[in-house]
Amino acid sequence: MQEKLTGILSKDELGKVHFYNNYDYYLANDHFHIDRIVQNFDRVLVPLVKQNISVRTWAHVEWPKEENISQVLMDFEENADREINKHGIISVCAYDGNSLSASMQNKIMEWHEYFMTDDALVRSYLYRGNDAIFPSLSDQDLRDKKVERQLYAKNEQLQAFMKQNLDSVMIVGQNEKVLYINHIFEETFGWSADEILGLNVYELPVATAFSKEKRDRKDQNIKESGSIYKVECTRQTKDGKSIKVLQTCFPFRDEDDQIFAWVVILRDQTERYQAQDLLLQSEKLSIAGELAAGIAHEIRNPVTAIKGFLQLLNADGKNVRTYYFVMASEIERIELILSELLILAKPQLTDYKSNNLIALIKDVITLLDAQANMNSVQIKTICTNDEIYVKCDVNQIKQICINFIKNGIEAMDSGGVLTVKVDQSTNEILLSFIDEGKGIHESIL
């Protein structure tokens with residue numbers, strides 16, 4: 001066989017064929033040792049199977065002339081079949097049909113998945129092994145080609161996912177080096193693949209600097225998740241612009257289910273935050289519209305007073321100073337109400353400064369007094385100090401107070417008292433809005 005194959009196969013192909021002396025394999029110590037044959041089988045196969053090499057075996061079985069050899073052979077075939085199934089291979093055990101009885105051939109076929117003659121290899125219908133019958137050699141070849149096509153298709157799909165993804169995609173190896181970025185990454189952040197590939201993922205110019213302790217903690221969180229890890233963060237572009245992104249990480253696993261790389265997807269959140277800002281602004285304008293009726297009613301009173309005093313001035317010039325003082329006070333009240341309304345309607349930049357919380361609350365109550373009066377609600381404040389300073393954004397705190405007070409007014413159908421209470425301790429300030437409404441039903445709370 002070896003001589004014939006040498007004349008047929010190329011050197012590379014012949015290197016894939018392993019020859020073992022069948023006399024040494026089967027007839028060690030002048031006896032047919034079943035256990036030793038199985039051990040030899042494992043010794044030959046295990047190194048190849050560990051390399052994921054597809055194996056087929058062909059063996060010419062030799063046995064000595066001794067009593068009860070037929071039963072020994074049947075025991076061997078049963079054990080050999082279990083061993084073959086354990087490794088998941090195709091194996092042919094060849095006997096000399098001229099020296100076997102028909103009865104023994106039938107028994108052998110009970111433990112052989114295939115029956116082979118000089119010119120055919122067919123499935124044995126007497127086979128008593130498990131139901132996982134291996135395909136014929138031609139079927140296996142077709143199956144291997146189908147698997148190759150499937151792997152090629154999956155690889156093409158993966159490449160398409162990377163290249164055509166509308167988000168920035170980056171692949172990071174286990175050594176934390178960047179292996180791949182797609183063109184969206186280049187367009188979004190301004191750096192080319194040549195500038196990014198091979199860099200440590202924690203030292204990329206797109207990432208903001210942070211401590212090793214924080215980096216290790218983040219790295220541990222990602223690795224412990226073992227699946228998908230999401231976090232919102234800020235990344236830098238080449239021209240110095242900051243972009244808020246949703247960063248998603250998930251692992252690539254090999255055939256042994258071991259992680260060999262990580263995919264990082266960076267989704268630009270700029271449009272989402274802009275939409276949130278627009279929604280917030282529309283809510284502010286909606287509130288301003290609801291307050292307009294009450295504010296118009298509130299402004300009408302000082303305007304009426306000013307008109308009356310102007311008529312008095314025209315008729316009587318004696319108490320001019322008193323009239324001027326009252327008119328100036330009413331005009332200041334109008335200006336305050338209008339300025340508070342404009343703050344609601346106008347977009348504002350976030351500006352954290354030290355501000356008097358009590359003064360902010362009084363400004364809001366001034367704005368909402370008219371609406372409260374129209375709904376028979378009295379707004380009362382309880383605080384131990386006229387000056388409590390906090391670092392905050394004035395407009396945002398006012399917006400919070402407006403929302404709570406409006407909710408409180410709307411919760412009292414028959415009117416009542418809405419109490420704004422400020423409690424101050426060493427480390428915190430508690431701002432409470434207490435209405436006398438019936439509360440929210442538990443089913444919709």
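The structure places NZ of Lys362 at 9.0 Å from CD1 of Ile365, a figure rounded to the nearest 0.5 Å. Distance check: Asn407 CG to Asp435 CG gives 9.0 Å after rounding to the nearest 0.5 Å. Separating the CD atom in Glu410 from the CG atom in Leu418 is a distance of 11.0 Å, to the nearest 0.5 Å. Annotation: the span from Arg267 atom CZ to Thr248 atom OG1 amounts to 7.0 Å, rounded to 0.5 Å. Interatomic distance, Met374 CE to Leu368 CG, rounded to the nearest 0.5 Å: 12.5 Å. Note that SG of Cys401 is 14.0 Å distant from NZ of Lys406, once rounded to the nearest 0.5 Å.
You'll find the side chain of Ile405 reaches within 4.5 Å of the side chain of Val364, heavy atoms only. Under the 4.5 Å side-chain criterion, counting only non-hydrogen atoms from C-beta, Ile243 is not in contact with Gln236. In this structure the side chain of Val169 never reaches within 4.5 angstrom of the side chain of Ile184, judged on heavy atoms. The side-chain heavy atoms of Trp191 and Leu204, taken from C-beta on, include no pair separated by under 4.5 Å. The shortest distance between side-chain heavy atoms of Leu9 and Val17 falls below 4.5 Å.
For Gln51 (side chain) and Pro47 (main-chain N/O), a donor-acceptor pair under 3.5 Å exists by modelled atom type. Under the 3.5 Å distance criterion, the side-chain polar atoms of Asn175 are matched with a main-chain donor or acceptor of Lys177. Judged purely by atom type and a 3.5 angstrom limit, Asn385 has no side-chain atom pairing as donor or acceptor with the backbone of Cys383. Side chain of Asp393 to backbone of Gln396: a donor-acceptor contact under 3.5 angstrom is found. Within the 3.5 Å criterion, the main-chain N or O of Asp75 finds a donor-acceptor partner in the side chain of Asn79. Checking side-chain atoms of Glu436 against main-chain N and O of Val417 turns up a donor-acceptor pair under 3.5 Å. A donor-acceptor contact shorter than 3.5 Å is absent between the side chain of Asp268 and the backbone of Val245. Using modelled atom types, no side-chain atom of Asp167 and backbone atom of Ile265 make a donor-acceptor pair closer than 3.5 Å. Counting only distance, with no hydrogens or angles, the side chain of Glu186 and the backbone of Ala193 share a donor-acceptor pair below 3.5 Å.
Nearest heavy atoms, Ile361 versus Leu431: CD1-CD1, 3.6 Å. In terms of heavy-atom proximity, Cys392 sits nearest to Leu360 at SG-CD1, 4.2 Å. When every heavy atom of His18 is checked against every heavy atom of Lys16, the shortest pair comes out as CD2-O, 3.6 Å. Of all non-hydrogen atoms in Met170 and Phe185, the two that sit nearest each other are SD-CE1, 4.3 Å. Contact between Lys391 and Tyr352 at its shortest, heavy atoms only, is CE-O, 4.1 Å. Nearest heavy atom pair, residue Gln247 against residue Cys249, reads NE2-SG, 3.9 Å.
Summarising the local packing, CZ of Phe404 is surrounded by 12 or fewer heavy atoms from other residues, nucleotides or ligands at distances under 6.0 Å. Around NZ of Lys380, the count of heavy atoms belonging to other residues, nucleotides or ligands within 6.0 Å does not exceed 12.
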Worked check of side chain to side chain donor-acceptor pair (under 3.5 Å) between Glu195 and Ser192: CA-CA 5 Å; Glu195 295 173 293; Ser192 67; 3.3 Å; yes
Audit row: Ile429, Ile388, side-chain contact (heavy atoms from CB on, under 4.5 Å) steps and yes/no: CA-CA 9 Å; Ile429 296 166; Ile388 299 177; 3.2 Å; yes
Derivation and outcome, side-chain contact (heavy atoms from CB on, under 4.5 Å), residues Phe189 and Leu266: CA-CA 11 Å; Phe189 296 101; Leu266 302 168; 3.9 Å; yes
Phe19 and Leu5: CA distance, side-chain angles, deciding distance, side-chain contact (heavy atoms from CB on, under 4.5 Å) verdict: CA-CA 11 Å; Phe19 293 95; Leu5 288 175; 3.9 Å; yes
Test side-chain contact (heavy atoms from CB on, under 4.5 Å) applied to Leu357 and Glu387, step by step: CA-CA 7 Å; Leu357 182 62; Glu387 294 186 354; over 6 Å; no
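Under the side chain to side chain contact (heavy atoms under 4.5 Å, CB included) test applied with Val178, the options Val264, Ile171, Ile196 reduce to a single match, Ile196.
Between the side chains of Asp239 and Thr237, at least one donor N or O sits under 3.5 Å from an acceptor N or O.
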